[in-house]
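Everything numeric here is computed off the predicted structure, so don't read it as measured data. By convention in this document, chain letters (A, B, ...) are assigned in the order of the sequence lines, proteins followed by strands, and residues within each chain are numbered from 1.
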Amino acid sequence: MGSFLLAWREARRAKGRFGLLTGAVTVLVFLVVFQQAVLDGLVTEFVGAIRNQSADVLVYGEDARLNLQGSVVPPVAPEQVAAVEGVARAEPLGVAAVTVEAGGELEDATLFGHVLDGPGAPVEIEEGRRPERDGEAVASASAADDGFGVGDVVVVQPGGERIEIVGTARETSFSVTPTLFASYATYEAVLLSVNPDAPAVVPSAGAVEVEDGADPSAVAERITAEVEGVEAATRDRAADEAPGVQSVSQSLSIVLLLTYVVVTIVTGFFFLILTVQKQPTLTLLRAVGAPARSLVAALGMQVLLVVGGGFVLGAALAALVLRVASVGIEAGVAPAALVTTAAAVLLLAALACLGAARRITRLDPAWATLPGATPR
Amino acid sequence: MPALVMEGVRKVYRSGSEEVVALDHADLVVGDDEMVTLLGPSGSGKTTLLSIAGGLLTPTEGRVVVGDQVVSDLDPRQLTAFRQRQVGFVFQSVNLVPFLTARENLTVVGELAGRPRRETGEQADRLLEELGLSHRAGNLATELSGGERQRVAIGRALMNDPKLVLVDEPTSALDTKMGEAVMELLRNEITGRGIAAVVVTHDTRMTHYTDRTVEIVDGRLQA
């Protein structure tokens, strides 16, 4: 309590100094949270459809390098995959980039064809229902206002295949385009309408549901090892290692890392300078019997106050900006990411202030008897 | 029981291969309600003696006892507790916490030590009343005059009901009139409580405020 009072009284009476640091932390946290949200939004735009579909494991052609649109698996592959230990069900999955007329405009979209009651369907439906027959689809909710809303009909160009939107699902974009999750037969019909001369339509991948209690990564490894010509990946790996995702993540992660470094340096230097400036006062307190741990605790309270306050303000500002300003993608502040960021910022600030804490513990109370209370 | 007993206390500072003797076999006994002036020129060792008596420095040799506590045997953590509970200090230079009010300067150490806020607050109010500073209780240290700061510092030294108060050059930053007023106040507060005090000064004009004067020259107490 005494440490808190000391910390609070100083901060309250040095509003300018502490306000400036809180402002700086606010700006830095705003940048961290905003960039994190944009990064998550971008990744979701690339691979949201993979993350939010129901297959535990995806099976690619061995040369596809986890690129769904570049993947082709032999028609017999799903049957062979189904025989692998730990696989409950394996079905074909078709993925194709298509152009559709939606809301009177031509739009790019990605068509996912899956067995209707099988793996590969969207996990959650935001509005409407799941497809029950061929020619129906669930579309990305983010494109609902662009002609992909429930009740809309999109027409595949060329070919003229009509698909009715019967439901929408959140965060299911793919390669920065809206998706259409339809039956595998619809997928085949669309591809044949676009390219009538194609001798056959082959699956792009296999969608696998693992048995209850089975480890998806172990099952994926077994599939890769036992089925010729394929590479299997868990849903998370398929999303994280999809083409484009890694490079986007790495680039923005470097910017994020630099911002974290700046938070650490700014906070650390501020409290170190403050401690050096306060050295005579701290020495006086030590001389009259204040334990060093109480003074370190007061420092910790101030770090918590400044960084915590800056974090709350910065996060609120980022949430507000993401809500009112259009950033071109579906980006929002995820609570889990916020908690992680808060923990990281507080931890880094605490580490940065170790220098100041060390200085406090090394104060010699005898310096209080010297003019100006400066070290010998 | 004497408030302070120093027996054969020696303090040596090492500077490279050189040894500087700051205090040389000092023997001093201060009675439990006695006020003693330690008089000496700059560099004579009087602040070193004061620091050793108050547990700010440990002696190289010798024995120091305050009340029934053998101070020279204590480790740094025990010395912190000793300073917190058994001695009061009035320092020469930096004497108050600038971002705290006069009242908070009195309560801060008790609060940091975990004493109940109500208890420390009531004691601070009583002391400020005695010192004629009630009307300045809410003023920051930086808003007080030199004399008021010294009075607040005296109040803080008395907050823990010490057996011994150690005062380092209390008048050095004050004019003669203000210095005499502070010494008068110090004497009244000390003698009124029946506690002991050692007042370090180089100003011979202030010695008559205490019960006796001990001179120190080159680290040696003069008989």
Minimal non-hydrogen separation, A290(A) against L112(B), with atom names: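 Closest approach of A290(A) to L112(B): CB-CD1, 3.6 Å.
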
Minimum heavy-atom distance S51(B)-T369(A), with the two atoms named: OG-CG2, 3.4 Å

Residue selection (most heavy-atom pairs with chain A, distance under 4.5 Å) from R115(B), E169(B), R83(B):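 Top count of heavy-atom pairs under 4.5 Å with chain A: R83(B).
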
Largest heavy-atom contact set with chain A, pairs under 4.5 Å, which of M159(B), R85(B), Q84(B), R77(B):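 Sorted descending by pairs with chain A, the first entry is Q84(B).
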
Chain B contact via L5(A) - side chain, backbone, both or neither, heavy atoms under 4.5 Å: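 L5(A) touches chain B through side-chain heavy atoms alone.
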
Segment of L282(A) engaging chain B (4.5 angstrom heavy-atom cut-off):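 Neither part, no heavy atoms under 4.5 Å.
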
Surrounding [atom1] of [X] (heavy atoms of other residues, nucleotides or ligands, distance under 6.0 Å), is the total greater than 12?
X       : atom1 : answer
R14(B)  : CZ    : no
R193(B) : CZ    : yes
R237(A) : CZ    : yes
D218(B) : CG    : no
F82(B)  : CZ    : yes

Heavy-atom contact with chain A under 4.5 Å, split by part of V108(B):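 For V108(B), the side chain is the part near chain A, not the backbone.
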
Atom group of L50(B) that falls short of 4.5 Å from chain A, counting heavy atoms: neither

How long is the straight-line distance from [atom2] of [Y] back to [atom1] of [X], given to the nearest 0.5 Å?
X       : Y       : atom1 : atom2 : answer
K278(A) : F99(B)  : NZ    : CZ    : 5.0 Å
T283(A) : F91(B)  : OG1   : CZ    : 10.0 Å
L96(B)  : L284(A) : CG    : CG    : 7.5 Å
T281(A) : N95(B)  : OG1   : CG    : 11.0 Å

Beyond-backbone contact of V288(A) with R156(B), side-chain heavy atoms, under 4.5 angstrom: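 Contact flag for V288(A)/R156(B) side chains = yes.
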
Close side-chain approach of T101(B) to R13(A), heavy-atom, < 4.5 Å: yes

Trace of the side chain to side chain contact (heavy atoms under 4.5 Å, CB included) decision for R286(A) with T80(B): CA-CA 7 Å; R286(A) 289 283 290 119; T80(B) 298; 3.4 Å; yes

Polar side-chain atom of R9(A) near backbone of L100(B) as donor-acceptor pair, under 3.5 Å: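 The answer is no, because no donor-acceptor pair under 3.5 Å joins these two groups.
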
Chain B contacts, top residue of S294(A), A298(A), A297(A), A292(A) (heavy-atom pairs, under 4.5 Å):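 Answer, by heavy-atom pair count under 4.5 Å with chain B: S294(A).
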
